[in-house]
Structure formats: structure tokens, C-alpha cells
Asker: 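One structure coming up, written as C-alpha cells, with questions to follow.
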Amino acid sequence: MEDETSRDQGVIPPPPPPVSECPPRLLVIGAGSRGRAYARAVISSSNGVLTAVAEPDDYKRNKFGTAMIWGSNPSPPEGASFKDWRAFLAYETERRARARAGEKDVPLGIDAAFVCVLDEMHREVVVALSQLGGIHIMCEKPLATTLDDCIDMYKALQDNVDVTGQQKVFSIGHVLRYSPHNKLLRKLLLEDRVIGDILSVVHTEPVGWWHFTHSYVRGNWRRENTSAPSLLTKSCHDIDVLLWLLCSPPDCSSPDCPPPHLPSTVSSTGSLQYFKRSRKPAAAGTATNCLSCPVEKSCKYSAKRIYVGPELVGLGTGNRGWPMSIVLPDIESYGSEQDAEAAVLANLAKDYDDSTPDPHVAQRNWFGRCVYESDNDVCDEQIVTITWDEDPKPSHLPGHGGSSGTTAHAAPLADNLHGRGSKLATFHMVAQTKQVCERYTHLYGVDGEIFADSKIINVHNFNTGQTTTYNTHVESLGHGGGDVGLTRQFIMAVDMVKNHGWSTDRAQKELIGCTLDEVIRSHAMVFCAEKARKEKKVVDWAEWWSKEVKSRLEQV
């Protein structure tokens with residue numbers, strides 16, 4: 001059989017939706033890198049309006065506000081700038097009281113909030129917003145850093161209703177669902193069924209050798225007790241994508257949506273393999289900081305090389321964005337390169353010793369610290385394996401053969417499982433890679449196989465011998481267009497509810513495309529995998545879910 005290769009055009013990202021007469025008014029809580037990313041997407045690709053920011057850092061708050069909200073005005077208008085989320089809650093409570101009392105010229109409130117604070121703060125912010133009620137919420141991933149907090153947030157979000165009792169829209173920062181690349185991949189798999197039933201998936205997230213040290217050895221997410229396991233903080237949306245491809249039905253907007261095909265078992269292995277004292281080069285001696293290390297010039301993890309030099313992402317490349325803005329938040333305020341470099345080096349020189357109280361060490365980042373002498377403890381390599389058993393749809397659901405003898409598939413050789421056969425997925429998170437977060441996936445089916453990376457999707461069909469290559473348009477560099485895609489869909493959902501008579505249930509299903517149940521399931525899968533890893537066992541998913549999640553969700 002002759003093998004032919006053809007090329008097809010991928011999904012073209014849509015233009016921004018038309019602006020409504022009363023466009024959605026938006027608050028960003030947390031003006032860090034993620035808050036700014038969503039704000040840029042609001043401006044470039046949505047029909048929403050940024051009207052307020054809450055951020056404790058004066059520099060970040062004012063820079064965000066002047067760039068995105070109030071412009072060159074000498075001071076922000078009422079209701080536009082808040083020291084933190086608590087200040088916003090106090091103001092909004094008072095504003096609503098003024099409006100109810102009939103006071104004139106009360107400013108309009110916000111319709112939706114982007115929650116982009118530190119991971120460990122998500123629970124208190126989202127629960128507080130839900131208790132205030134009436135605000136649509138998008139929370140950056142992960143939902144929370146503990147399973148208990150995730151469950152508390154799930155319950156609170158269910159109770160987040162407006163004055164009419166209608167539940168508000170919720171979205172999670174699982175941006176990988178919204179990239180044109182992954183949307184096309186899901187369509188090819190579940191709607192077009194280009195490889196038939198899926199038998200197995202091997203998905204890899206290559207974190208990047210220097211990127212891992214920045215975020216998970218020296219940075220915010222290095223310690224499980226102050227943040228969470230790296231599987232959650234780095235890879236929860238990878239686990240979510242696997243469940244999206246292998247659990248969720250192709251179309252969940254239908255009232256006859258079939259139940260998800262739920263996993264059977266979960267197992268995981270992994271550890272902190274490399275970034276620890278036993279791996280430290282002997283010639284480094286007792287040095288704990290790059291700026292005082294005798295082998296700094298020859299060490300690839302040198303903080304000077306990464307953050308100052310011209311090779312990677314340092315000042316020498318002209319970069320003052322991420323990650324330099326994390327190392328020195330006000331880096332853009334330094335006029336000359338010399339002043340900026342001096343400030344960066346002063347920050348990198350900060351260090352601690354055995355006499356430094358651990359709470360002080362834990363509360364900040366140490367970007368000049370030796371990667372072999374840091375206080376990190378999260379995995380730098382981990383594998384998760386998820387299996388599914390055969391689970392045919394019940395006969396009363398649409399698409400099942402049942403007594404009528406009909407079948408869900410037009411193909412004459414289609415079986416009776418309707419995509420719910422046994423299968424497995426393997427996820428690999430690895431630090432030591434050249435690629436930085438450029439994920440790639442192998443998918444194996446009964447009729448073919450797929451290789452997908454961040455740019456192309458190659459589909460090989462066993463029956464025809466043909467290989468088809470799909471190229472997808474990348475709308476932006478933020479997660480392959482996922483940042484923009486999520487922002488657009490969330491604000492469009494808010495707009496349809498606010499201005500066009502949609503119910504939130506319809507907007508949640510058709511525009512967000514992700515339910516609260518899916519959010520809690522994918523996060524629970526991470527915590528289940530961590531239990532499996534730590535206890536070195538294979539966990540029965542249904543049993544674990546019933547005990548650890550379902551029973552608590554049902555508690556009043």
C-alpha cells in the first residue's frame with residue numbers, strides 16, 4: 001500500500017466578538033505575570049473591558065492600571081484600584097449598599113473577576129467572591145493546593161448565584177483546552193475518529209533544564225509545604241487534557257450528553273532526582289550562592305548565566321519580561337542596562353545560612369541560590385499512569401445499539417463500545433530537557449496513530465497507509481493561543497449571560513466547555529496520583545473518589 005502525505009489547514013482562531021452595548025466589566029486580582037497575560041488577552045481578543053485591578057505591590061498595581069485601565073490620568077477613578085482583594089470586597093459591599101439605597105451616580109460594579117493570586121491564596125479569594133455573590137469567576141490553575149480546599153471551593157462556587165438565584169459562570173485556567181492545536185486534536189480524535197477507538201496515549205511535558213530551576217528549585221513552587229507538589233503546580237492542566245481527551249464525551253452541550261468514561265486505576269512514580277546536595281559538583285565546595293561559587297563560570301545553572309548573560313533569557317538578551325520581571329519585579333523602572341544589571345546582581349547575591357529561620361527562607365525566592373543547596377523538595381521527574389476498563393454506554397442512552405440494532409458509528413466495522421473500551425494514558429513530566437514546555441503526545445488507536453507537538457498533528461491511517469499533517473495557527477505564544485482562547489471564551493460566556501439572555505448553564509457548557517465536575521475531577525486525579533506515588537501502590541479510582549471526594553461533596 002502506497003504511503004502518501006498530504007497537508008491540511010488547521011483551525012483559524014476567530015476574531016474578537018462584537019462589542020455589546022454594555023460590555024462585560026472585568027477585575028483582575030493579582031497583577032503578576034498571569035494577571036498581565038489575561039489582561040493583554042482581554043484587550044486584544046475579547047469584547048470585555050478592564051475596569052479594576054487589585055494588587056498589593058504598588059509598582060505592579062500602578063503600572064497595570066496606567067497601561068490597561070486609566071491611562072495617563074493622574075489618579076485612578078473610583079472603583080478601579082485596590083490594595084488587595086479584601087479592599088475590593090469591602091468597597092463592593094459598600095457600593096451595592098449605596099445602589100440599593102437609591103444613591104445617585106454610584107459607579108457600575110464589575111461582572112467578572114480573574115483570580116491570579118498565589119496558588120495558596122486561591123481558596124480564600126474564590127470562596128469570598130462566591131459568598132459575595134453575583135460575580136462570574138475565572139481562577140488561574142491550579143484550583144487550590146490541597147484537596148480539602150478544592151472541595152470547599154467547589155461547594156462555594158455552586159452557591160455563587162445572583163439576585164435571581166442563577167449560578168454564575170466559572171472557568172479554570174486550564175488553558176491547554178483552548179489552544180487551536182488541542183481543539184483540533186480533540187475534534188480529530190472524538191468527532192472525526194481519525195484513528196478509531198483510542199487504545200493508549202503517551203503525553204510528555206518537557207519543563208526545560210533552566211526553567212525548572214527558576215520555578216521549582218529557586219522560585220515560588222519549590223516546596224510542597226508552602227505551595228504544592230510539582231505535579232499539581234506545573235502539570236495539573238496536562239492531567240486535565242488527558243481526561244478531556246479520554247473521559248469527556250465529544251459534545252457535552254447536548255441535554256442527552258452521555259456520562260464520562262471514568263478511569264479505573266491510577267499509579268505514579270517519581271522523585272527529586274537531581275537538584276539536591278548529593279549531586280553538587282565537588283569543586284563547588286561549601287558555596288551556597290552562585291556569585292561566590294568557584295565553579296560559577298562553568299556551571300550551566302549559574303544564576304549570572306541565566307539572568308544576566310546573553311545566552312538564555314537574561315538581561316544580556318535585552319529581556320525585561322518573564323522571568324526577569326519575577327527576579328526583579330520593578331526591572332522596567334531601571335533606565336540603563338548598567339543600573340538594571342546592578343539591581344539584578346544585588347538581588348541574586350541575597351542568601352541564607354543555617355542560622356536563618358526557616359519561615360524567612362520559605363517566604364521568598366532565592367534566585368542566586370545554588371540549585372544543589374536549595375530548600376526545594378518537589379519532584380523533578382514523575383510518571384503517572386491512568387487506566388480505563390471497558391464501560392459501554394447504558395442501553396437507554398442515545399447512540400447505543402440496544403434492541404433497535406442501531407449503532408452510533410456509520411463505519412461497518414465499528415464495535416459496540418462506542419469509544420468506551422479499555423485504554424491507558426501515561427504522562428511524563430521531566431525537567432532535564434532542551435524544550436521548554438513544548439509538549440508532545442503520541443496517541444495510538446485501532447485504525448491509526450497520531451503524533452502531535454506544539455505545532456503540528458501527524459495522523460497515520462492503517463487502512464489507507466496515508467499520513468496527513470495538520471498545521472494549526474498560533475494566535476499568540478501564551479500556551480499556543482490557549483491564554484487568548486480561554487480569555488475570549490470566558491468573557492464571551494459572561495457577555496451572553498449579561499446581554500443576550502443565555503442561562504449560565506448554557507454558557508458554561510457551550511462556551512466554557514468545562515463543568516465544575518470536570519474541574520474537581522482533574523484536580524482530584526492529581527491528588528490521587530500523589531497518593532499512589534508516595535505509597536507506591538496502584539489506586540482504585542472509583543474507591544478512592546467515593547471515599548475522598550464524593551462523600552465530602554455530599555456533606556452539608
Asker: For a quick check under 3.5 Å, do Asp353 and Ser355 share a side-chain donor-acceptor pair by atom type?
Answerer: yes

Asker: Is the backbone N or O of Arg25 less than 3.5 Å from a side-chain atom of Asp111, with the two atoms forming a donor-acceptor pair by type?
Answerer: yes

Asker: So, using side chain to side chain contact (heavy atoms under 4.5 Å, CB included) as the criterion, who are the partners of Ser336 when residues are at least two apart?
Answerer: Gln338, Asp339

Asker: Give the C-alpha distance, both sets of side-chain angles, the deciding distance and a yes or no for salt bridge (Lys or Arg N to Asp or Glu O under 4.0 Å) between Glu92 and Arg96.
Answerer: CA-CA 6 Å; Glu92 178 60 13; Arg96 293 182 182 187; 2.8 Å; yes

Asker: Is a side-chain N or O of Asn347 found less than 3.5 angstrom from the main chain of Val344, in a donor-acceptor match?
Answerer: no

Asker: Quick check: His214 with Trp322 (ring centres under 6.0 Å apart)?
Answerer: yes

Asker: Show your reasoning for whether salt bridge (Lys or Arg N to Asp or Glu O under 4.0 Å) applies to Lys60 and Asp330.
Answerer: CA-CA 8 Å; Lys60 289 182 181 180; Asp330 61 346; over 6 Å; no

Asker: Indicate yes or no: at least one non-hydrogen side-chain atom of Glu530 is less than 4.5 angstrom from one of Leu231.
Answerer: yes

Asker: Would the distance check show the side chain of Arg61 and the main-chain N or O of Gly65 forming a donor-acceptor pair, the cut-off being under 3.5 Å?
Answerer: no

Asker: Any donor-acceptor pair under 3.5 Å linking the side chain of His122 with the backbone of Pro142?
Answerer: yes

Asker: Taking the side chain as every heavy atom from C-beta outward, state whether Met138 and Val115 have any pair of such atoms under 4.5 Å apart.
Answerer: no

Asker: So, do Pro107 and Arg98 sit near enough that their side-chain heavy atoms are less than 4.5 Å apart?
Answerer: yes

Asker: With rounding to the nearest 0.5 Å, note down the distance linking CG in Leu291 to CG in Leu345.
Answerer: 6.0 Å

Asker: Could you check whether any side-chain N or O of Asp377 sits under 3.5 Å from a backbone N or O of Glu224, counting only pairs where one atom can act as donor and the other as acceptor?
Answerer: yes

Asker: How close do Phe212 and Cys379 get, heavy atom to heavy atom, and via which atoms?
Answerer: CZ-O, 3.3 Å

Asker: If you measure from OG on Ser215 to CG on Asn220, what distance do you get to the nearest 0.5 Å?
Answerer: 7.5 Å

Asker: Checking the side chain of Thr226 only, and the main-chain atoms of Ala362 only, is there a donor and an acceptor separated by less than 3.5 Å?
Answerer: no

Asker: Apply side chain to side chain donor-acceptor pair (under 3.5 Å) to residues Thr504 and His136 and explain how you reach the verdict.
Answerer: CA-CA 10 Å; Thr504 51; His136 305 283; over 6 Å; no

Asker: Output every pair passing ring-ring contact (aromatic ring centres under 6.0 Å, His included) with a member in residues 74-114, not counting sequence neighbours, ordered by first then second residue.
Answerer: Tyr38-Phe114, Phe82-Phe88, Phe82-Tyr91, Phe114-Phe490

Asker: Can you check whether Leu232's main-chain N or O pairs, donor with acceptor, with Ser235's side chain at less than 3.5 Å?
Answerer: no

Asker: Do Pro323 and Asn319 have side-chain heavy atoms sitting under 4.5 Å apart?
Answerer: yes

Asker: Using only atom types and a distance under 3.5 Å, with no angle test, would you say the side chain of Asn376 pairs donor to acceptor with the backbone of Phe275?
Answerer: yes

Asker: Nearest 0.5 Å, please: how far is CD1 in Ile239 from CE in Met525?
Answerer: 7.5 Å

Asker: Could I get the full list of side-chain hydrogen bond (donor to acceptor under 3.5 Å, both in side chains) partners for Gln158, not counting sequence neighbours?
Answerer: Tyr154

Asker: Could you tell me whether Glu311 and Lys300 make a salt bridge, using a distance below 4.0 angstrom between a side-chain N and a carboxylate O?
Answerer: no

Asker: Which residues pass the side chain to side chain contact (heavy atoms under 4.5 Å, CB included) test with Ala144, not counting sequence neighbours?
Answerer: Asp149, Cys150, Met153

Asker: Considering only heavy atoms from C-beta outward, does the side chain of Ile326 approach that of Ser33 to under 4.5 Å?
Answerer: yes

Asker: Quick check: closest heavy atoms across Val371 and Val217, and the distance to 0.1 Å?
Answerer: O-CG1, 3.6 Å

Asker: Considering only heavy atoms from C-beta outward, does the side chain of Ser374 approach that of Trp366 to under 4.5 Å?
Answerer: no

Asker: State plainly whether the residues Asp58 and Lys83 are in salt-bridge range, i.e. N to O under 4.0 Å.
Answerer: yes

Asker: Given the side-chain rings of His360 and Tyr352, with only the six-membered ring counted for Trp, is the space between their centroids under 6.0 Å?
Answerer: no

Asker: Tell me every residue that passes salt bridge (charged side-chain N to carboxylate O under 4.0 Å, His left out) with Asp358, counting only those two or more places apart in sequence or in another chain.
Answerer: Arg223

Asker: Would you name the heavy atoms of Arg320 and Gly335 that are closest together and state the gap between them?
Answerer: NH2-O, 3.7 Å

Asker: If we ignore angles and hydrogens, is there a donor and acceptor under 3.5 Å between the side chains of Ser454 and Glu438?
Answerer: no

Asker: If you define the side chain from C-beta out and look only at heavy atoms, does anything of Arg222 sit under 4.5 Å from Asp375?
Answerer: yes

Asker: Taking Gly134's backbone N and O only, do any of them form a donor-acceptor pair with Asn160's side chain (distance below 3.5 Å, no angle check)?
Answerer: yes

Asker: What is the distance from atom CZ of Arg95 to atom CZ of Arg100, rounded to the nearest 0.5 Å?
Answerer: 9.5 Å

Asker: Can you see which heavy atom on Ala507 is nearest to which on Val169, and at what distance?
Answerer: CB-CG2, 4.3 Å

Asker: Start with the C-alpha distance between Arg34 and Asp483, add both sets of side-chain angles, then the distance that settles salt bridge (Lys or Arg N to Asp or Glu O under 4.0 Å), and finish with yes or no.
Answerer: CA-CA 9 Å; Arg34 295 307 296 156; Asp483 291 355; 3.0 Å; yes

Asker: Would a 4.5 Å heavy-atom cut-off, applied to side chains only, mark Leu348 and Val327 as touching?
Answerer: yes

Asker: Counting heavy atoms not belonging to Lys498, are there more than 12 under 6.0 Å from its NZ?
Answerer: yes

Asker: Between Lys168 and Asp162, does any NZ, NE, NH1 or NH2 come within less than 4.0 Å of an OD or OE carboxylate oxygen?
Answerer: yes

Asker: Among Cys22, Pro23, Pro24, which residue meets the side-chain contact (heavy atoms from CB on, under 4.5 Å) test with Asp495?
Answerer: Pro24

Asker: Look at Glu518 together with Arg521 and state whether they make a salt bridge at an N to O cut-off of under 4.0 Å.
Answerer: no

Asker: Closest heavy-atom contact between Ile29 and Ala113?
Answerer: CD1-CB, 4.5 Å

Asker: Are the aromatic ring centres of Trp244 and His237 under 6.0 angstrom apart?
Answerer: no

Asker: Whether Lys155 and Asp159 form a salt bridge (side-chain N of Lys/Arg under 4.0 Å from carboxylate O of Asp/Glu) is what I want to check.
Answerer: no

Asker: Which distance, rounded to the nearest 0.5 Å, do you find between the OG of Ser171 and the CG of Leu511?
Answerer: 11.0 Å

Asker: Could you check whether Thr515 and Asp517, counting side-chain N and O atoms only, form a donor-acceptor pair closer than 3.5 Å?
Answerer: no

Asker: Would you please name every residue forming a side chain to side chain contact (heavy atoms under 4.5 Å, CB included) with Thr233, sequence neighbours left out?
Answerer: Asp119, Tyr216, Trp221, Ser227, Ala228, Ser230

Asker: Find the distance between OH (Tyr301) and SG (Cys370) and round it off to the nearest 0.5 Å.
Answerer: 11.0 Å

Asker: Any sub-3.5 Å donor-acceptor pair from Asn182's side-chain atoms to Leu176's backbone N or O?
Answerer: yes

